[in-house]
Number of protein chains: 2
Amino acid sequence: MSSPRPQRADAVRNRAKIMAAAHEQITANGPEVSMEQIATAAGFAVGTLYKHFPTKTDLVAAVVAASITAVADDAEAALSRTCDDGSPALEEITGFLTRLIDTAAHDHAVKAAARALAADPAALHDEARATAALDRLIHAAHQHGDLRPDFSVDDLYLLFSTAPTDQPAHVRARWLALLITGLTAR
Amino acid sequence: MSSPRPQRADAVRNRAKIMAAAHEQITANGPEVSMEQIATAAGFAVGTLYKHFPTKTDLVAAVVAASITAVADDAEAALSRTCDDGSPALEEITGFLTRLIDTAAHDHAVKAAARALAADPAALHDEARATAALDRLIHAAHQHGDLRPDFSVDDLYLLFSTAPTDQPAHVRARWLALLITGLTAR
DNA sequence: ATAGATCGTGAAGCATCATTCACCTTACTG
DNA sequence: CAGTAAGGTGAATGATGCTTCACGATCTAT
């Protein structure tokens with residue numbers, strides 16, 4: 001009944017190295033990088049990756065889930081700017097969307113995270129934090145009468161997941177401009 | 001200086017068969033169907049496809065370009081409903097968008113065509129026809145004061161290219177609803 | 001009908017990848 | 001410090017898919 005044996009210390013370290021390298025590679029090249037490439041970047045052989053993650057899909061999912069963290073941070077910062085400094089909620093929402101899209105344009109991991117969010121709006125590491133902050137932000141905008149009353153967090157995720165992240169900056173900006181006028185209250 | 005020799009009659013027929021099969025396969029399975037699968041569907045060996053198209057990319061491009069035809073037809077029909085029957089231009093525009101998105105949800109060829117349109121708004125077979133019709137429709141809506149004054153055909157293509165065509169119908173509808181309120185004049 | 005080019009064939013070549021496993025190495029335990 | 005299980009290795013396997021090419025079949029101009 002005794003626990004079979006604890007995980008080795010170096011294994012924990014190496015797992016972190018693998019995650020870091022995978023995150024870097026996916027950020028730069030998208031989730032279709034080869035396991036070989038991730039392994040090389042991490043300084044290991046491919047077999048090692050499979051000692052930690054049963055399949056490539058699992059590794060990618062772990063990385064994608066973790067990359068929500070930065071998004072959640074940004075959402076919370078936006079929320080506190082509204083709550084503490086009185087910045088207009090609608091402005092913070094559109095600012096958040098803008099930053100997110102610009103980030104995703106360079107960061108394939110965030111882009112993949114967006115798709116995952118839209119497909120299954122849960123089960124992503126730190127997703128709850130982001131959702132909670134955005135929810136309060138949206139609520140504040142509703143109270144203020146800025147935002148169309150039926151707008152929800154799911155809508156935000158939906159819009160983000162369809163952003164033209166592979167288009168040049170001026171196209172992304174135009175897309176946002178078309179969108180945002182549809183968000184204001186009637 | 002005499003033309004080397006005309007193309008053989010059967011070769012012309014077979015090229016059409018290949019195009020038809022490729023269109024069918026790409027419509028159903030997307031542009032990533034294998035050349036083998038297209039060849040089988042067409043009733044030929046792979047080598048034959050390469051006698052007609054130097055690379056898979058060329059074959060796919062040809063199919064995608066051709067699949068604009070149906071879109072152009074729809075655009076022209078919408079235009080004539082407005083010009084001849086006095087149907088509101090804005091309604092025809094949103095109707096066009098709605099139909100196009102629903103089509104793309106099932107037809108991978110149209111979806112690919114949309115991406116191609118947004119990337120390079122020219123050089124697609126029948127693209128000019130669609131653009132001309134939509135342009136007149138947009139112009140009519142502007143005259144009527146329904147549509148935001150800065151809205152253009154490029155915007156329409158941009159919006160369409162970002163539609164969530166792989167989401168279920170109610171999500172697509174919601175996405176459209178969010179968009180369309182942003183299109184009306186201020 | 002015949003020559004001669006065009007066309008069609010499909011197995012083979014070549015790449016790319018995910019995944020496995022028999023074998024060595026290393027960290028931990030007693 | 002020795003024994004042992006966990007950890008790491010990387011060549012091999014098998015799948016998939018684009019592309020080529022030497023050969024035989026077919027069409028067409030004469």
Side-chain angles (χ1 to χ4, degrees), chain A residues 1-65 108-109 112 115-116, chain B residues 1-65 108-109 112 115-116:
Chain A
M1 211 49 183
S2 63
S3 44
R5 193 176 263 211
Q7 193 178 33
R8 257 162 60 170
D10 58 340
V12 176
R13 261 196 316 278
N14 292 342
R15 187 181 218 274
K17 278 190 203 164
I18 290 170
M19 279 284 281
H23 194 272
E24 208 170 300
Q25 291 299 312
I26 291 175
T27 291
N29 309 356
E32 60 287 346
V33 276
S34 68
M35 289 296 262
E36 196 64 47
Q37 193 168 332
I38 295 173
T40 303
F44 292 109
V46 256
T48 306
L49 307 205
Y50 286 93
K51 278 280 154 78
H52 290 277
F53 301 91
T55 133
K56 181 185 179 180
T57 306
D58 292 301
L59 173 54
V60 171
V63 166
V64 163
H108 293 235
R115 272 195 284 271
Chain B
M1 211 50 184
S2 64
S3 41
R5 190 175 267 213
Q7 193 178 31
R8 256 162 63 170
D10 58 340
V12 177
R13 260 195 316 276
N14 292 344
R15 187 181 220 275
K17 278 189 202 164
I18 290 170
M19 280 285 281
H23 194 274
E24 208 170 300
Q25 291 299 311
I26 291 175
T27 291
N29 308 346
E32 60 289 345
V33 277
S34 68
M35 289 295 264
E36 196 64 48
Q37 194 168 332
I38 295 173
T40 303
F44 292 108
V46 257
T48 307
L49 306 206
Y50 285 93
K51 280 279 155 74
H52 290 276
F53 300 90
T55 126
K56 181 186 178 178
T57 305
D58 292 302
L59 172 54
V60 171
V63 166
V64 163
H108 294 235
R115 271 195 284 272

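Within every chain, numbering begins at 1; the chains are lettered A, B, ... in the order of the sequence lines, protein sequences first and strands thereafter. Note: hydrogens, waters and symmetry copies are ignored here, and every other heavy atom, side chains too, is used.
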Using the 3.5 Å cut-off, write out each protein N or O paired with an N or O of nucleotides 10-17 of chain C and the distance between them.
from	atom 1	to	atom 2	distance (Å)
C:dG10	N7	B:G47	N	3.4

Tabulated below should be each protein N or O lying under 3.5 Å from an N or O of nucleotides 27-30 of chain D; please produce it.
from	atom 1	to	atom 2	distance (Å)
D:dC27	O4'	B:R8	NH2	3.4
D:dT28	OP1	B:A9	N	2.9

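Distance alone, capped at 3.5 Å, places no donor-acceptor pair between the A:K56 side chain and the A:S34 backbone.
Distance B:E36 CD to D:dA15 C1': 14 Å, rounded to the nearest Å. In this structure, CD1 of B:I18 is placed 11 Å from C1' of C:dC7, rounded to the nearest angstrom. If you measure from atom CZ of B:F53 to atom P of C:dC7, you get 13 Å, rounded to the nearest angstrom. With rounding to whole Å, A:K51 atom NZ is found 14 Å from C:dC24 atom P. Distance B:H52 NE2 to D:dT19 C1': 16 Å, rounded to the nearest Å. The separation between A:R15 atom CZ and D:dA6 atom P is 16 Å, rounded to whole Å. At whole-Å resolution of the value, NZ in A:K17 and P in D:dG8 are 9 Å apart. Distance, A:D58 CG to C:dA18 P: 13 Å, rounded to whole Å.
B:F44 CZ to B:M35 CE: the interatomic distance, rounded to the nearest 0.5 Å, is 13.0 Å. The distance from the NE2 atom of A:H52 to the NZ atom of A:K17 is 10.5 Å, given to the nearest 0.5 Å. How far CD1 of A:I38 is from NE2 of A:H23: 11.5 Å, rounded to the nearest 0.5 Å. With rounding to the nearest 0.5 Å, the separation of CD1 in B:I18 from CD in B:Q25 is 13.0 Å.
When side chains are defined from C-beta on, B:V63 does not count as touching B:V60, because their heavy atoms never get closer than 4.5 Å. With a 4.5 Å cut-off on side-chain heavy atoms, A:L49 and A:L59 count as touching.
Proximity of A:N14 to the phosphate of D:dG8: a side-chain N or O atom is located under 4.0 Å from OP1 or OP2. Close to C:dA18, at under 4.0 Å from its OP1 or OP2, lies no side-chain N or O of A:T55.
When all heavy atoms are compared, the tightest approach of A:V64 to A:A109 is CG2-O, 4.4 Å.
When the shell of 6.0 Å around CD of B:Q37 is examined, it contains more than 12 heavy atoms from other residues, nucleotides or ligands.
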